[in-house]
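Here is the structure we will look at, set down as structure tokens.
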Protein chains: 2
Amino acid sequence: MTPPPAPPRRASPSTVRRLSLYLRALDTLAAEGVGTVSSQGLAERSGTTPAQVRKDLSLFGSFGRRGMGYEVPDLLHRVRAILGLDRRWPVALVGAGRIGSALFAYPLFRERGFEIRAVFDNDPAKIGSCREGLEVRPVTELPCLIRERGIEIGIITVPAHAAQAIATVLVESGVRGILNFAPTRLHLPPEIEVNEVSLSMELEALSFALAARERP
Amino acid sequence: MTPPPAPPRRASPSTVRRLSLYLRALDTLAAEGVGTVSSQGLAERSGTTPAQVRKDLSLFGSFGRRGMGYEVPDLLHRVRAILGLDRRWPVALVGAGRIGSALFAYPLFRERGFEIRAVFDNDPAKIGSCREGLEVRPVTELPCLIRERGIEIGIITVPAHAAQAIATVLVESGVRGILNFAPTRLHLPPEIEVNEVSLSMELEALSFALAARERP
DNA sequence: CGGGGCTTGTGAAAAAGTTCACAAGCCCCG
DNA sequence: CGGGGCTTGTGAACTTTTTCACAAGCCCCG
């Protein structure tokens, strides 16, 4: 009934992005008690096309029934599994500044299975203070705590000039994936997954689009 | 000397992303006092290829000199202009929670010309309080203040269920571009530029990549 | 139990984006 | 002032991603 039809091929970054959007839409549908959804319906709620939805999903298996569409609870479960969200991910946060603290309190992380199990900072004023019940520890303790708590993902929200050193230590301590909010490019071994988030880049994309409209 | 060789064609989203990266690299180079950089050098610092750098830039004009590369200060200026950063962008922030406050204090925004000129929230506990010298105002005052202060870009950091209503009011008040941090899809007229930032999507992309490695 | 109406899954076509490869051009040195 | 060594700008080839189009399949109704 659900044989992955081919070796689970590489999905492009855009496909992965869309899978996240499908997941979000399915969450909503499930909450609304909708039992079944078509590629059409999913496309409308995710801002893409029905064909795209079907292609994306077909990379990982045949989850629908012809004539009927997809069962919401089933597809929800499948997409979660595809995205690797059918397990808990132990996460460390490095940098307890404003962005770090905001992320820490972001409820969707926990809902998706990301568990922040350690928070680090180098500012003596912050060390020892608590973020939602977790104590901020100095960066010197990072290697030890990362290993002890089995942390696999690190989120970097330190200033750009400190980010590379932090990233290197994280990787040496066993972290396999890094979400980098610092506006700097990290140099790490290729087996480490790095995802850069640049808040100003997002505004710049807006600015580009708006400025382009004003040009002849 | 710099005639845009063709009607400034549409740049793909990936090109725009890379332009942001080039800008970041050029900022660093300028700060280091480097006078000239080749497409090779720019590529290394932005994680792409020399050919890609040249193609991206050639969409907008001929900025280099053969045999020599690009003059850093000149190219910096050009890229800023291409991205629409050669002017100030008046911005409003809707939602003075953690993420909103973090963005407000993010120095890179201001450096790039984005000026937060109004902050709104509906929480009576927050209204009247200050964020870096700017008073948080109730959402009821939004239309008036947006117009009064000539705001063109809105940043939405309210909970998902409130985002659509806020977005609609923003657009009705004259905003042309929206950066949406709320995990929900906005329905707005097509002439409005919308850029969605989903923090959990970024973590999910990591999770997908890490989980994929563990699969057979 | 068979036909009609939908909707999936998927090859094939089209479009978009990236890489290649090289002529054109610039600077410097002799 | 001419040749050599680099580096850009750019058509053409290639790759990836998206869209199209339709056969296959499922359900329901009569």
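Naming convention: chains lettered A, B, ... in sequence-line order (proteins, then strands); numbering from 1 in each chain. Being a predicted model, the structure only gives us computed values, none of them experimental.
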I need the [atom1]-[atom2] distance between [X] and [N], as an integer number of Å.
X	N	atom1	atom2	result
R65(B)	dC27(C)	CZ	C1'	9 Å
L42(B)	dT7(D)	CG	P	14 Å
L59(B)	dT8(D)	CG	C1'	15 Å
F63(A)	dG25(D)	CZ	C1'	18 Å
R17(B)	dT18(C)	CZ	C1'	16 Å
D56(A)	dT18(D)	CG	P	7 Å
R78(B)	dG9(D)	CZ	P	11 Å
E71(B)	dT7(D)	CD	P	16 Å

Return the 5'-most residue of the pair R18(A), G69(B) with respect to DNA chain D, ranking by each residue's nearest nucleotide. G69(B)

S14(A) or G67(A): which one's nearest nucleotide on DNA chain D is closer to the 5' end? S14(A)

Crowding at CZ, R88(B) (>12 non-hydrogen neighbours, <6.0 Å): no

Quick one: look up who dC27(C) pairs with, Watson-Crick or G-U, both distances under 3.5 Å, and put none if it's unpaired. dG4(D)

So what's dG11(D) paired with, Watson-Crick or G-U wobble, going by both distances under 3.5 Å? dC20(C)

Counting only side-chain heavy atoms from C-beta out, which of [options] sits nearest to [X]?
X	options	result
S38(B)	dC20(D), dT18(C), dT8(D)	dT8(D)
S58(B)	dT17(D), dG9(D), dG9(C)	dG9(D)
P13(A)	dT17(D), dG9(D), dG9(C)	dT17(D)

Name the residue closer to the 5' end of DNA chain C, choosing between K55(A) and M68(A) according to the nucleotide with the nearest heavy atom. M68(A)

Check whether any side-chain N or O of Q164(B) sits under 3.5 Å from a backbone N or O of H187(B) as a donor-acceptor pair, and report yes or no. yes

Assess whether a salt bridge exists between [X] and [Y], defined as any Lys/Arg side-chain N lying under 4.0 Å from an Asp/Glu carboxylate O.
X	Y	answer
R45(B)	E32(B)	yes
E196(B)	R24(A)	yes
E132(B)	R110(B)	no

Can a donor-acceptor pair under 3.5 Å be found between the side-chain atoms of R66(A) and the base atoms of dT7(C)? no

Pick base, sugar-phosphate or nothing for T49(A), based on heavy-atom distances below 4.0 Å to the nucleic acid. sugar-phosphate

